[in-house]
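Here you go, one structure.
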Amino acid sequence: MEVTKATIGSDPWKNASIRNIRLSQTVLNRSDKACELGQQLDPLPSLRDTSIQQSNARIHAYVRATRAVLVKLRESLLDTNEEIKSLLRGKEDLEKTLEHIRKDIILNTRSTMQRQTRPPREKDLDGADDLLGAERKHLLKLKRILEAQLRSVQKQLQVLDGARKRLTASLQERSRVLDLICHAVSAARGAGIKDQAEKPVTPPVEPLGPYTPECARVISTAAEARQRSTNLRKEVAEAIEQTVKLQKAAHQSVNDGLTQKVAETVTMKQHLLVGAGETQMAIHRSQRWYDATEMALGYTLGPVAYSDLTTRERLDRPAVQVYQRHPGNQLPEAREIVKGGEGLQESLNATARNVGLLRLTKKRVDDDARDKHRAALIDASVTRMRRRLGNHRWVINGVGC
C-alpha cells in the first residue's frame with residue numbers, strides 16, 4: 001500500500017497502522033489456508049455415525065468369523081462325540097467277547113474236572129485231554145490279547161474325553177461374543193440332511209483373532225484322537241472277529257474230540273462185552289471139561305472102599321492069580337491105572353487153573369467194560385454240557401478266571 005500524498009500524521013502513527021494492516025493480512029491468509037486445510041482434513045459432521053457404522057461393521061465381521069470358528073469347533077465336537085459313541089460300542093463288544101472267553105475258560109475247567117471223575121483205569125491222558133489243554137492255553141492267550149485291547153480302548157476313551165472337554169471349553173470361550181446372534185449351528189448333519197447355506201470360511205489363525213492358536217490346537221488334537229480311535233476300532237473289530245473264529249474252532253475241536261472219544265469208548269466197550277461173552281463161554285467149556293475129567297478120574301480111581309470093588313476090577317482076581325503062577329508074568333494094570341489117575345489129576349489141576357484164569361480174565365474184562373461205560377457216560381455228559389453252555393447265555397457264579 002503506497003501513500004503518495006503528503007501526510008500530516010507522523011510516521012510512527014502511520015507505521016503503526018501499516019503494521020496492523022499487514023498483520024491483519026497475514027492472519028487473513030493464515031485463516032484462509034487453515035480453512036482450506038480444514039476442508040481437506042477435518043472430520044465431517046457425520047463422524048459419529050460413521051464411527052458407529054465402522055465399529056459395528058468390524059464387530060459384525062469379527063462375530064461372523066467367530067461364528068465360523070464355532071461351526072468348526074461344533075463339528076469337531078459332534079464328530080468327537082460320535083467317535084466316543086462308536087468306541088463305546090466297540091468297548092461293549094470287546095467286553096462281551098472277553099466275557100465269552102472267561103466263560104469258555106470256566107467251561108474248560110469244568111470239563112477237565114468232570115473228566116477227572118472217570119474210573120482210575122480211564123484216567124490216562126488221551127487226545128481229549130490234549131485238546132482241552134490246548135484249548136485252555138489258546139483261550140488264556142486270547143484273554144490276554146483282549147485285555148490289552150480293552151486297556152487301549154479305555155485309555156483312548158480318556159484321550160477322547162479330554163479332547164471333548166477342551167473343545168467344550170474353547171466353544172464356550174469363543175461363544176462369549178455371540179450373545180446378540182443365534183448360537184445354533186445346523187443340526188441336520190446328524191440326520192443326513194445337508195445344510196443349504198454356504199459353509200462359512202474359516203479365518204486364519206491369529207493370536208488375537210477369532211481363530212486362536214488354542215482353537216487350532218484343540219481341533220487338531222481332537223482330529224488326531226479321532227483318527228487313532230478309528231484305527232483302534234478297526235483293530236478291535238478285527239481282533240474280535242479273529243477271536244470268535246478261533247474260539248469257535250477250538251470249542252468245536254474239543255467237542256469233536258470228546259465225541260470221537262465217546263465213540264471209541266463205546267466201540268471198545270462193545271468189543272469188551274463180546275470178549276467177556278466169549279470168555280464166559282470158554283469158562284463153561286472148561287468147566288464142563290473139568291467135570292468130565294473129574295468124573296473120568298473117579299472112574300479111574302474106582303470106589304473109595306476096597307470092599308466095593310467088583311471081582312473083575314480087583315488086581316488079585318482068579319484070572320490074574322492063575323496068570324502069575326509062572327514067573328515073569330507081571331501085568332501093567334496097576335501101573336497104568338496109577339499113571340492114568342496121575343494124568344487125569346494133572347489135567348484136572350490144569351483145567352482148574354484155566355478156569356480160574358478165565359474167571360479172573362472175565363472179571364477184568366467186565367470191570368474194564370464197566371469202566372468204559374462210566375467213562376463214556378462222563379465224556380458224553382461233558383460234551384452235552386459244553387454244547388448246552390456254548391451259547392454263553394449263563395452267568396458266572398463268582399468263579400474267577
Side-chain angles (χ1 to χ4, degrees), residues 114-130 257-321 323-324 329-384:
Q114 189 168 347
R115 293 196 82 232
Q116 289 178 355
T117 61
R118 293 174 297 168
R121 192 193 309 271
E122 302 296 323
K123 284 187 178 180
D124 295 337
L125 294 178
D126 52 13
D129 292 323
D130 296 337
L258 288 173
T259 304
Q260 183 178 356
K261 180 61 186 302
V262 170
E264 293 176 357
T265 305
V266 171
T267 303
M268 188 62 65
K269 184 192 75 170
Q270 293 173 351
H271 288 301
L272 287 172
L273 292 177
V274 172
E278 293 177 350
T279 305
Q280 186 66 40
M281 293 176 63
I283 291 175
H284 292 326
R285 288 195 302 270
S286 297
Q287 188 64 43
R288 286 194 300 271
W289 178 251
Y290 179 86
D291 295 339
T293 304
E294 187 177 22
M295 186 177 297
L297 179 62
Y299 289 153
T300 302
L301 295 179
V304 177
Y306 182 78
S307 60
D308 293 335
L309 289 175
T310 61
T311 301
R312 68 180 183 83
E313 294 175 341
R314 293 181 180 182
L315 296 178
D316 56 352
R317 58 186 178 274
V320 174
Q321 292 178 358
Y323 176 72
Q324 290 181 349
N329 293 335
Q330 300 294 329
L331 293 174
E333 182 179 353
R335 186 171 62 253
E336 293 296 333
I337 290 174
V338 173
K339 185 177 179 181
E342 291 177 354
L344 289 174
Q345 186 62 46
E346 291 178 0
S347 177
L348 196 64
N349 294 335
T351 304
R353 288 195 300 271
N354 291 334
V355 170
L357 290 175
L358 286 172
R359 288 177 178 173
L360 180 61
T361 304
K362 173 71 165 48
K363 183 178 181 301
R364 293 186 62 180
V365 171
D366 289 339
D367 293 341
D368 196 358
R370 192 180 305 110
D371 292 344
K372 289 291 189 298
H373 179 70
R374 292 177 57 190
L377 292 178
I378 292 174
D379 286 341
S381 65
V382 171
T383 304
R384 289 193 299 270

Smallest separation among heavy atoms of Val266 and Ala376, with atom names: CG2-CB, 4.1 Å

Which atom of Ala369 lies closest to which atom of Leu273, heavy atoms considered: CB-CD2, 4.0 Å

Give the minimum heavy-atom separation between Val262 and Ala380, together with the two atoms involved. CG2-N, 3.6 Å

Step through the shown structure and confirm whether more than 12 heavy atoms of other residues, nucleotides or ligands are within 6.0 Å of CZ on Arg364. no

Working to the nearest 0.5 Å, report the span between CZ of Arg285 and CD of Gln280. 11.0 Å

Out of curiosity, Asn349 CG to Tyr290 OH, how far, rounded to the nearest 0.5 Å? 7.5 Å

So does Arg370 pair up with Asp367, basic N to acidic O under 4.0 Å? yes

Taking all non-hydrogen atoms of both residues, which atom of Asp129 and which atom of Asp124 are closest, and how far apart? OD2-O, 3.8 Å

Heavy-atom nearest pair, Ala375 first then Pro119, reads N-CD, 4.3 Å

Backbone N or O of Gln114 within a donor-acceptor pair of the Thr117 side chain at under 3.5 Å? yes

Considering residues at least two apart in sequence or located in another chain, which fulfil the salt bridge (Lys or Arg N to Asp or Glu O under 4.0 Å) criterion with Asp126? Arg115, Arg118, Lys261

Nearest-0.5 Å distance, CD of residue Gln287 to OG1 of residue Thr351: 9.5 Å

Which value, rounded to the nearest 0.5 Å, describes the distance between Thr279 atom OG1 and Leu360 atom CG? 11.0 Å

On a heavy-atom basis, the closest approach of Asp368 and Leu272 is CG-CD1, 3.5 Å

Which value, rounded to the nearest 0.5 Å, describes the distance between Thr293 atom OG1 and Leu297 atom CG? 8.5 Å

Quick one: does Ser347's side chain have a donor or acceptor within less than 3.5 Å of a partner on Gly343's backbone? no

Could you tell me whether the side chain of Val274 reaches within less than 4.5 Å of the side chain of Glu278, counting heavy atoms only? yes

Using 0.5 Å steps for rounding, measure from the CD atom of Glu122 to the CD1 atom of Ile378. 9.0 Å

Should we count NZ of Lys363 as having more than 12 external heavy atoms under 6.0 Å? no

